[in-house]
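Note that this is a predicted model, so its numbers are computed, not measured. The residues of the chain are indexed from 1 along the displayed sequence.
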Amino acid sequence: MERRDKTNYYLDIAETVSKRGTCIRRNFGAIIVKNDEIISTGYTGAPRGRKNCSDLGFCKREQLNVPRGTRYELCRSVHAEANCIISAARRDMIDSTLYLVGIDVKTGALVPNANSCSMCKRLIINAGIKKVIIRDTENDYRVIYVKDWVIDDDSLNDEFGY
């Protein structure tokens with residue numbers, strides 16, 4: 001039996017975490033790993049105590065036909081990356097890796113060209129995370145070095161979202 005490579009193993013776990021998400025558009029799962037140990041997990045969902053879009057049966061951004069990657073202030077959910085970071089101590093996140101998987105709720109397919117939004121990028125930078133690995137297919141992924149987000153500051157060129 002061929003053993004699953006370590007990167008896809010962690011992405012598989014992040015994908016499983018995404019299944020707890022409560023968004024009716026896209027659910028993401030994130031895990032932070034350091035020294036081969038999972039530090040924390042996070043998925044997309046409303047803040048604790050508030051109703052989720054899946055409970056309400058509607059998405060405000062969808063009702064307003066808001067394009068992907070924009071107007072996140074209208075979203076009820078806390079993003080997977082943010083929830084993952086909230087659940088970890090910064091000292092544990094320094095030089096760690098965040099694994100991210102996004103699933104389109106309607107199709108069940110992976111979100112094409114998934115990436116962290118501009119707000120989550122800022123959180124990831126300040127958390128001290130070294131790299132982000134994002135699933136593109138069942139076996140293919142992209143590795144993004146967070147220092148590149150610092151150097152190529154998308155907040156200065158009007159490229160927002162993912």
Side-chain angles (χ1 to χ4, degrees), residues 9-136 141 144 146 149-150 153-155 159-162:
Y9 164 74
Y10 286 128
L11 287 166
D12 290 346
I13 294 170
E15 189 165 338
T16 298
V17 170
S18 77
K19 294 176 187 315
R20 287 279 305 151
T22 58
C23 178
I24 60 175
R25 291 177 79 169
R26 290 173 201 87
N27 279 311
F28 280 79
I31 66 170
I32 297 173
V33 176
K34 184 174 180 182
N35 298 328
D36 235 4
E37 181 180 345
I38 296 173
I39 303 300
S40 68
T41 66
Y43 54 86
T44 310
R48 286 182 173 94
R50 287 189 178 175
K51 289 189 181 281
N52 293 294
C53 292
S54 59
D55 300 324
L56 296 170
F58 70 90
C59 168
K60 184 59 122 176
R61 291 177 71 237
E62 196 168 70
Q63 283 182 335
L64 296 172
N65 205 27
V66 174
R68 174 179 162 184
T70 63
R71 303 291 316 271
Y72 284 118
E73 72 276 9
L74 298 173
C75 182
R76 292 189 64 75
S77 289
V78 177
H79 288 184
E81 303 97 315
N83 273 323
C84 204
I85 289 168
I86 290 166
S87 296
R90 187 171 190 277
R91 69 179 172 277
D92 294 333
M93 292 186 285
I94 302 290
D95 292 330
S96 66
T97 301
L98 186 143
Y99 294 83
L100 182 66
V101 178
I103 302 294
D104 183 292
V105 174
K106 289 178 178 74
T107 66
L110 292 166
V111 173
N113 302 311
N115 204 342
S116 297
C117 74
S118 59
M119 293 182 295
C120 287
K121 285 179 181 178
R122 291 191 297 261
L123 293 173
I124 290 166
I125 290 167
N126 271 9
I129 294 168
K130 184 176 186 175
K131 62 185 172 181
V132 177
I133 300 179
I134 303 170
R135 174 161 276 169
D136 290 324
Y141 51 85
I144 298 166
V146 175
W149 287 343
V150 175
D153 185 347
D154 62 0
S155 70
E159 291 179 27
F160 301 106
Y162 63 101

A side-chain contact here means heavy atoms from C-beta on lying under 4.5 Å apart; do [X] and [Y] qualify?
| X | Y | answer |
| --- | --- | --- |
| Arg90 | Asn126 | no |
| Ile13 | Val33 | no |
| Ile103 | Glu15 | yes |
| Ile85 | Met93 | yes |

Test side-chain contact (heavy atoms from CB on, under 4.5 Å) on Val105 and Arg25; report intermediate values, then the result. CA-CA 5 Å; Val105 174; Arg25 291 177 79 169; 5.7 Å; no
Test side-chain contact (heavy atoms from CB on, under 4.5 Å) on Leu110 and Asp136 and set out the steps. CA-CA 7 Å; Leu110 292 166; Asp136 290 324; over 6 Å; no
From [atom1] ([X]) to [atom2] ([Y]), nearest 0.5 Å:
| X | Y | atom1 | atom2 | result |
| --- | --- | --- | --- | --- |
| Ser77 | Phe28 | OG | CZ | 11.5 Å |
| Arg91 | Ile39 | CZ | CD1 | 10.0 Å |
| Cys120 | Asn83 | SG | CG | 9.0 Å |
| Ile144 | Thr97 | CD1 | OG1 | 12.0 Å |
| Cys59 | Arg76 | SG | CZ | 10.0 Å |
| Ser87 | Ile31 | OG | CD1 | 13.0 Å |

For the student: nearest non-hydrogen atoms of [X] and [Y], plus distance:
| X | Y | answer |
| --- | --- | --- |
| Gly29 | Ser18 | N-CB, 3.3 Å |
| Leu11 | Tyr141 | CD1-CB, 3.7 Å |
| Arg26 | Asp104 | CG-CA, 4.3 Å |
| Cys84 | Ser40 | O-OG, 2.7 Å |

Can you say whether the rings of Tyr99 and Tyr10 are parallel (under 30°), tilted (30 to 60°) or perpendicular (over 60°)? tilted
For residues 45-52, run the donor-acceptor check on the side chains, cut-off 3.5 Å, and write out each pair with its distance to 0.1 Å, sequence neighbours left out.
residue, atom, partner, partner atom, Å
Asn52, OD1, Thr22, OG1, 2.7
Asn52, OD1, Ala46, N, 2.9
Asn52, ND2, Asp55, OD2, 3.4

Does Lys34, at its NZ atom, have more than 12 non-hydrogen atoms belonging to other residues, nucleotides or ligands within less than 6.0 Å? yes
List the residues meeting side-chain contact (heavy atoms from CB on, under 4.5 Å) with Tyr43, not counting sequence neighbours, and say none if there are none. Val17, Arg20
With respect to Ser116, which candidate in His79, Glu81, Arg122 satisfies the side-chain contact (heavy atoms from CB on, under 4.5 Å) definition? Glu81
Applying salt bridge (Lys or Arg N to Asp or Glu O under 4.0 Å) to Glu37 and not counting sequence neighbours gives none
Salt-bridged, Arg71 to Glu73, with N to O below 4.0 Å? yes
Got a donor-acceptor contact below 3.5 angstrom from the Ser54 side chain to the Ile24 backbone? no
